[in-house]
Amino acid sequence: MSINQLLAKITKNWPVKAICFVLAAMIYFFHQISLLDVKTFSVPLEVRAEGNMIPVSGLEQVKYIRVKVRTKRDQIASIMEKDLTAFIDVSSQTKEGIYDFPVYVDLDEKIVQLDLEPLEIYNQPDNVKIQIQKKTTKAVPLYASVLGKPAHGYKALSAELEPSFVTLCGPASMLDSINKMPVGAVSVEGAEKHFKNCKSCKYKFIYFNSWRKKFY
């Protein structure tokens, strides 16, 4: 069979053949779609701030990210909320201001190693507008309230704390108004001598901003 004859045979009734090809492709596509399932998670938004900047505002309304995961039905059960991490990274910024930061979603390594195919991940919102300021530190004294009445004939003078100071870390606009930090209350009810209450003296460092506090 010559090349011309072969081409003539291939192109014979080509509109019908083209329609059949498109229909077959559509059937295959919809069949593959029918094998997929979707799971939706509400994932806490984390902030990575390894540089000199720290968030000030904008995160109060975006505490969680809606994440949709799409994969085969027999695979989707292996993905749980704890396997997803949603975060923004402000580490690269060196100037104060308001910026739109993209939201990234990471998968736990054990899910990555499963090599799921296909695997589609969507998140909403996909970016967050926040204000950042330069990170600073400030040492302030600690104080504790004294509650209750000591034994008859005794008087509560003061509560001495150890350590007596704590270091705050955060934007200057927030730290400027903080001159001391409360650590709770000490009860002297019925006390007749000096005593220690270590529960009020555990804080050494506080990472302080408008959306999160960490105590160490």
Side-chain angles (χ1 to χ4, degrees), residues 41-67 81-109 112 121-147 156-188 194-216:
F41 304 93
S42 183
V43 182
L45 178 62
E46 300 179 3
V47 176
R48 299 181 181 179
E50 303 298 330
N52 294 323
M53 296 295 158
I54 193 171
V56 178
S57 64
L59 292 172
E60 298 86 352
Q61 306 300 323
V62 192
K63 296 181 179 180
Y64 292 88
I65 299 298
R66 187 179 179 87
V67 180
E81 181 180 317
K82 61 184 178 63
D83 300 320
L84 301 168
T85 303
F87 68 94
I88 60 173
D89 194 340
V90 304
S91 304
S92 61
Q93 286 295 340
T94 58
K95 295 183 179 180
E96 296 182 344
I98 300 175
Y99 300 91
D100 278 316
F101 290 95
V103 177
Y104 301 99
V105 177
D106 275 353
L107 279 175
D108 188 89
E109 184 62 28
V112 175
I121 299 177
Y122 309 92
N123 55 275
Q124 182 67 33
D126 54 8
N127 63 78
V128 177
K129 179 176 290 187
I130 64 172
Q131 180 183 5
I132 58 174
Q133 288 184 1
K134 188 175 181 180
K135 187 189 304 180
T136 186
T137 59
K138 179 180 181 180
V140 298
L142 297 172
Y143 74 92
S145 302
V146 178
L147 302 178
L157 298 178
S158 64
E160 296 181 1
L161 302 179
E162 185 181 348
S164 58
F165 280 79
V166 65
T167 300
L168 307 181
C169 179
S173 61
M174 293 184 177
L175 301 189
D176 287 345
S177 60
I178 302 175
N179 297 313
K180 58 182 179 179
M181 286 293 294
V183 293
V186 176
S187 175
V188 296
H194 296 297
F195 65 93
K196 289 185 178 181
N197 184 346
C198 295
K199 290 188 295 183
S200 295
C201 310
K202 63 182 179 180
Y203 305 135
K204 294 183 179 179
F205 185 87
I206 299 179
Y207 188 73
F208 190 92
N209 58 36
S210 63
W211 53 276
R212 184 176 59 182
K213 296 179 183 178
K214 282 187 176 180
F215 298 93
Y216 300 92

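Source: prediction; values computed, not measured.
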Minimal non-hydrogen separation, Gly170 against Ile54, with atom names: CA-CD1, 3.9 Å
Check against side-chain contact (heavy atoms from CB on, under 4.5 Å), Val166 and Val140: CA-CA 6 Å; Val166 65; Val140 298; 3.6 Å; yes
Pairs touching residues 122-133 that satisfy side-chain hydrogen bond (donor to acceptor under 3.5 Å, both in side chains), sequence neighbours left out: Ser57-Gln131, Glu120-Tyr122, Gln133-Ser173
Neighbour count above 12 (heavy atom, 6.0 Å) for Gln61 CD: no
Partner set under side-chain contact (heavy atoms from CB on, under 4.5 Å) for Lys180, not counting sequence neighbours: Pro141, Tyr143
Intermediate values then yes/no, side-chain contact (heavy atoms from CB on, under 4.5 Å), Ile130 and Val90: CA-CA 10 Å; Ile130 64 172; Val90 304; 3.8 Å; yes
Shortest non-hydrogen contact between Leu175 and Cys169, atoms and distance: CD1-C, 4.3 Å
Derivation and outcome, side-chain contact (heavy atoms from CB on, under 4.5 Å), residues Lys82 and Asp108: CA-CA 8 Å; Lys82 61 184 178 63; Asp108 188 89; over 6 Å; no
Beyond-backbone contact of Ile88 with Leu59, side-chain heavy atoms, under 4.5 angstrom: yes
Student check: side-chain heavy atoms of Met53 and Lys135 closer than 4.5 Å: no
Test side chain to side chain donor-acceptor pair (under 3.5 Å) applied to Thr136 - qualifying residues, sequence neighbours left out: none
Nearest-0.5 Å distance that lies between atom CD1 in Ile121 and atom CZ in Phe41: 9.5 Å
Contacts of Ser42 that satisfy side chain to side chain donor-acceptor pair (under 3.5 Å) - sequence neighbours left out: none
Pairwise side-chain hydrogen bond (donor to acceptor under 3.5 Å, both in side chains) hits with a residue in residues 91-105, at least two apart: Asp89-Ser91
Derivation of the side-chain contact (heavy atoms from CB on, under 4.5 Å) call for Leu45 and Val128: CA-CA 10 Å; Leu45 178 62; Val128 177; 4.2 Å; yes
Approximate separation, where rounding is to 0.5 Å, of Leu84 CG and Asp106 CG: 9.5 Å
Minimum-distance pair of heavy atoms, taken over all atoms of Val62 and Pro125: CG1-CG, 4.2 Å
Least distance between heavy atoms, Pro55 atom then Val47 atom: CG-CG1, 3.6 Å
